[in-house]
There are 2 protein chains.
Amino acid sequence: MTRAIPTTNRSLPIALLRAREKVMGPIRNMLHDVDITEQQWRVMRVLQERHAAEPTKIAEEACLLLPSLTRILQKLEEKQLIVRARDEKDRRKQVVKITDAGRALIEANLPTSIALLEDVRRQMGSERYEALLDLLNELDAIDG
Amino acid sequence: MTRAIPTTNRSLPIALLRAREKVMGPIRNMLHDVDITEQQWRVMRVLQERHAAEPTKIAEEACLLLPSLTRILQKLEEKQLIVRARDEKDRRKQVVKITDAGRALIEANLPTSIALLEDVRRQMGSERYEALLDLLNELDAIDG
DNA sequence: TCTATTTGCTAAACATGTTAAGTAATAGGG
DNA sequence: CCCTATTACTTAACATGTTTAGCAAATAGA
């Protein structure tokens, strides 16, 4: 039984894109007021959870490519939200840490960020929200 | 019952991002051989289905912002994959059409594109794949 | 009909996405 | 120990994402 060519509303890549826009729109608005981008926010969140991390690990967790992360870390350093040092045990690596100012910025905005996601969860219903997360993680786990 | 702050693997924005990367990776590789970007491909797909469309509609269907679309249409026009004309009934608008060369490019690559998505579908299972699409569309339909 | 507003698109500026190439430090094998 | 390959990042170049501003055409009222 052959399926027809999918139109945009039944195309997985576009459905993923639209869903992400729906979720990120309000969060981006919030971050805009603090003059920080969505990607910078993701990096800060990772550093808040791990306290210190090397760029490769940050990139993996924040779902960023290293060239993008390089520029982002430069900007976060300029804003004095993070500090960087060379790893003395392996001088190819770096140790990135969040500063007090960075932690303060996270703590000031995390409640709103969580509330916005809670709103999505409430509108979808907890069960379907969790089911969606499960399916997305399952998709991420396939071969590729 | 309060939930803990979500870690990255349980964060909806990042889960959407990772899932999209998983799906688009192979498709991007395919398009790279034809020297066309993922976004240019989306625009071409819309034009193939509608034959003629105005930029605002294309942007909506391909999930692009108008400033991005402006540049993309300029490049597709240079590549002679589309043609543009002013709409004589409303001279603010344009009429964008796909050329024969554009249609040929789509037809040469669509089977592979579909096969790659079929592969994802097979690995996830049809039911879960469809369930994922339903949940994504449901997410897109909430208030925001 | 005149003007204020809206609509459709473009331009500009800055940030990131993506690929390819480059550099320095480390690891591995002979 | 030397040479090669690998790893961790950086740089560069081009394309898109995102916001703001701008322009011309059309529309809505007064």
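Naming convention: chains lettered A, B, ... in sequence-line order (proteins, then strands); numbering from 1 in each chain.
- When the shell of 6.0 Å around CG of A:Asn29 is examined, it contains more than 12 heavy atoms from other residues, nucleotides or ligands.
- Atom CG of A:Leu64 and atom P of D:dC9 are 14 Å apart (whole Å).
- Nucleic acid contact for A:Thr56: sugar-phosphate only, since backbone atoms but no base atoms lie under 4.0 Å from a heavy atom of the residue.
- Across the protein-nucleic acid pair, A:Asp35 atom CG and D:dT18 atom P stand 16 Å apart, rounded to whole Å.
- Scored by the side chain to side chain contact (heavy atoms under 4.5 Å, CB included) test, B:Ala101 finds B:Leu81, B:Thr99 as partners (sequence neighbours excluded).
- Nearest heavy-atom pair across B:Gln40 and B:Ile36 is OE1-CG1, 3.2 Å.
- The residue A:Arg28 sits close only to the backbone: its heavy atoms come under 4.0 Å of sugar-phosphate atoms, none of a base.
- In this structure, B:Gln39 places its CD atom 12 Å from C1' of D:dC14, rounding to the nearest Å.
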Anything under 3.5 Å between a donor and an acceptor, one on a side chain of residues 65-78 of chain B, the other on a protein residue two or more places apart or in another chain? List them.
from: B:Thr70; atom 1: OG1; to: B:Leu66; atom 2: O; distance (Å): 3.1
from: B:Glu77; atom 1: OE1; to: B:Arg84; atom 2: NE; distance (Å): 3.3
from: B:Glu77; atom 1: OE1; to: B:Arg84; atom 2: NH2; distance (Å): 3.0

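- For residues 105-116 of chain A, no pair satisfies side chain to side chain donor-acceptor pair (under 3.5 Å), with sequence neighbours left out.
- Among residues two or more places apart in sequence or in another chain, the salt bridge (Lys or Arg N to Asp or Glu O under 4.0 Å) test is passed with A:Asp87 by none.
- In this structure, A:Arg71 atom CZ and D:dC9 atom P are separated by 16 Å, rounded to whole Å.
- Residues satisfying the salt bridge (Lys or Arg N to Asp or Glu O under 4.0 Å) criterion with A:Glu60, sequence neighbours excluded, are absent altogether.
- Looking at residues two or more places apart in sequence or on another chain, you find a salt bridge (Lys or Arg N to Asp or Glu O under 4.0 Å) between B:Arg122 and B:Asp119.
- Residues B:Cys63 and A:Lys57 both approach DNA chain D. Their nearest nucleotides, taken by heavy-atom distance, put A:Lys57 toward the 5′ side.
- In this structure, A:Ile58 atom CD1 and D:dT10 atom P are separated by 10 Å, rounded to whole Å.
- Residue whose closest nucleotide on DNA chain C sits further toward the 5' end, between B:His32 and A:Ser68: A:Ser68.
- Close approach of DNA chain C to chain A, defined as any atom under 4.0 Å from a non-hydrogen atom of the protein, starts and stops at C:dA15 to C:dT26.
- Heavy-atom distances under 4.0 Å link DNA chain C to A:Asp90, A:Arg91, A:Arg92 of residues 81-99 of chain A, given in residue order.
- Using a 4.0 Å heavy-atom distance criterion, B:Leu69 is classed as making no nucleic acid contact.
- For the salt bridge (Lys or Arg N to Asp or Glu O under 4.0 Å) test, residues two or more places apart in sequence or in another chain that qualify with B:Arg128 are A:Glu138.
- The distance from atom CG of B:Leu66 to atom P of D:dT19 is 14 Å, rounded to the nearest whole Å.
- For D:dT18, the OP1/OP2 oxygens have no side-chain nitrogen or oxygen of A:Thr37 closer than 4.0 Å.
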